[in-house]
Amino acid sequence: MSRLAYVNGRFLRQAEAGVSIEDRGYQLGDGVYEVWAVMDGKLADAEGHFARLERSLGEISIPMPMSRAALTVALRETVRRNRVRYGIVYLQVTRGVARRDHAFPGVAVAPTVVITARSGDAAAAEARAAVGVSVITRPDDRWARCDIKTVNLLPNVLAKQAAKGEGAFEAWLVDKDGLVTEGASSNAWIVDANGVLRTRDTGANILRGVTRLSLIDVAREAGYTVEERPFTVAEAKAAREAFLTGAGALVMPIVRIDDSPVANGHPGEVATALRSAYIRRAVESAI
Ligand code: PDD
């Protein structure tokens, strides 16, 4: 018997079922999921899982794709069609399909709903429970690995959306010490009071921006002093200039941080010159 998946209201053979490559779950990890244990063909702890699903969706502003009653029918039907008596049923809800952009889609899109069910081996589980299992210990670095260019971008999505909501281009992320780490999808820079270009050092807490690295080179060649040293929000607000870098925005002057204009509120000379220099070099070396 081939396994069947529920995809947006239809049951499809699981091997052939799919969602768009522009689905925000696939592109940005912009979705939530829930897993119910199936016991005797029924959903265990159903209320608790529905409550957490609604909470998770609410926390990231995705509407419930359908009522609990309708979802229960779809979950049960997936379990029934896959003849699961003992196992799990998996539900994934994403924000839906839209052209890739960190911020939420401008026009409302329907959430994507996928449900699968699979049987477990009850006897094997009981046998395992009879002897017990082992664990190892690991540092809890969920998600402290911002150096990995993962598609697990939900925090970035939420930050970018907050920026958009306030009419801003980007959100700068600030760590527990009040230091700027980076932008939601770019690296952060200032020209400080001494005329020194500063951008955060690269630990596990920022993405090693390729544009950032090239620009360090371009800036040093142009005679600027560059320090890979963090700065506070207050330093950024008091800076001579601020700008951001990334493959999307290249080198982009920043003229306002929260409610404070940066210097005279116009793009700075250094950022503007570096933008031209970076683009010139990038065009020449592009393959
Ligand atoms: N973002 N930091 C984050 C979190 C990023 O997502 C990006 C790039 C950068 C800049 O890296 P680079 O200079 O290598 O592009 C820094 C891309 C452009 C994006 O997600 O669209």
Side-chain angles (χ1 to χ4, degrees), residues 1 3-12 14 17 19 23-97 104 108-145 150-159 161-162:
M1 188 195 83
R3 292 173 66 198
L4 295 173
Y6 172 101
V7 182
N8 294 326
R10 298 198 305 153
F11 283 96
L12 305 170
Q14 194 160 314
V19 297
D23 190 89
R24 288 177 60 92
Y26 175 69
Q27 292 285 0
L28 302 158
D30 188 7
V32 304
Y33 74 101
E34 205 43 73
V35 178
W36 286 257
V38 176
M39 292 177 181
D40 203 14
K42 292 188 234 154
L43 309 181
D45 258 335
E47 165 66 29
H49 289 287
F50 278 118
R52 188 173 60 189
L53 172 69
E54 286 169 356
R55 181 174 185 285
S56 298
L57 288 169
E59 288 293 306
I60 63 169
S61 309
I62 295 179
M64 256 296 258
M66 57 184 101
S67 67
R68 268 196 198 199
L71 207 46
T72 306
V73 170
L75 290 162
R76 284 201 183 129
E77 192 56 16
T78 311
V79 168
R80 190 185 72 77
R81 291 195 189 212
N82 287 284
R83 297 195 192 137
V84 176
R85 301 303 304 166
Y86 171 90
I88 55 161
V89 59
Y90 174 90
L91 165 74
Q92 184 167 322
V93 182
T94 76
R95 199 176 306 279
V97 176
F104 300 171
V109 297
T112 298
V113 181
V114 170
I115 306 172
T116 55
R118 110 175 158 218
S119 297
D121 183 339
E126 287 312 312
R128 189 182 298 123
V131 293
V133 297
S134 58
V135 300
I136 62 162
T137 59
R138 301 272 297 155
D140 188 348
D141 59 1
R142 300 170 301 162
W143 185 240
R145 294 302 310 278
T150 168
V151 293
N152 202 1
L153 283 169
L154 183 57
N156 308 54
V157 164
L158 298 178
Q161 181 61 24

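Computed from heavy atoms alone, side chains included, the values below leave out hydrogens, waters and symmetry copies.
Residues L91 and W36 have side chains in contact (heavy-atom distance under 4.5 Å, counting atoms from C-beta outward). Using a 4.5 Å cut-off on side-chain heavy atoms (C-beta onward), V84 and V89 make no contact. D30 places none of its side-chain heavy atoms less than 4.5 Å from the side chain of L153. Taking 4.5 Å as the limit, every side-chain heavy atom of D45 sits out of range of all side-chain heavy atoms of F50. You'll find the side chain of V113 reaches within 4.5 Å of the side chain of Y6, heavy atoms only. Between D121 and Y86 there is no side-chain heavy-atom pair separated by less than 4.5 Å. The side-chain heavy atoms of W143 and P155, taken from C-beta on, include no pair separated by under 4.5 Å. Within the 4.5 Å cutoff, the side chain of R95 has heavy atoms near those of the I60 side chain.
To the nearest 0.5 angstrom, I115 atom CD1 is 16.0 Å from Y33 atom OH. Atom CD of Q92 sits about 13.0 Å away from atom OH of Y26, to the nearest 0.5 Å. Summarising the geometry, atom CG belonging to L154 is positioned 11.5 Å from atom CD belonging to Q161; distances are rounded to the nearest 0.5 Å. The distance from atom CD1 of I88 to atom CG of L43, rounded to the nearest 0.5 Å, is 12.0 Å. The CZ atom of R55 lies 11.5 Å from the CG atom of L57; values are rounded to the nearest 0.5 Å. How far NZ of K42 is from CG of L75: 15.5 Å, rounded to the nearest 0.5 Å.
A5 and T116 get closest at one heavy-atom pair: CB-CG2, 3.9 Å. Residues P63 and P111 come closest through the heavy atom pair O-CG, 3.9 Å. V79 approaches G41 most closely through the heavy-atom pair CG1-O, 3.7 Å. R83 approaches S119 most closely through the heavy-atom pair O-OG, 4.0 Å. Between T94 and G25 the shortest heavy-atom distance is CG2-CA, 3.6 Å. Taking both residues in full, the closest heavy atoms of S56 and V32 are given as CB-CG1, 3.9 Å, listed atom of the first, atom of the second, then distance.
No donor-acceptor pair closer than 3.5 Å links the side chain of Q14 to the backbone N or O of R3. Within the 3.5 Å criterion, the main-chain N or O of T112 finds no donor-acceptor partner in the side chain of N8. Remark: the backbone N or O of V97 is not paired with any side-chain donor or acceptor of R24 at under 3.5 angstrom.
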Inset, instruction - Take D40 and R85 through the side-chain contact (heavy atoms from CB on, under 4.5 Å) test and state the conclusion after the steps. - result: CA-CA 5 Å; D40 203 14; R85 301 303 304 166; 2.9 Å; yes
Inset, instruction - Please test E34 against E54 for side-chain contact (heavy atoms from CB on, under 4.5 Å), starting from the C-alpha separation and ending with a verdict. - result: CA-CA 10 Å; E34 205 43 73; E54 286 169 356; over 6 Å; no
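The pair R52-E59 does not count as a salt bridge, with every side-chain nitrogen at least 4.0 angstrom from each carboxylate oxygen.
The cationic atom of R118 (NZ for Lys, CZ for Arg) does not lie both less than 6.0 Å from the six-membered ring centre of Y90 and within 45° of the ring axis.
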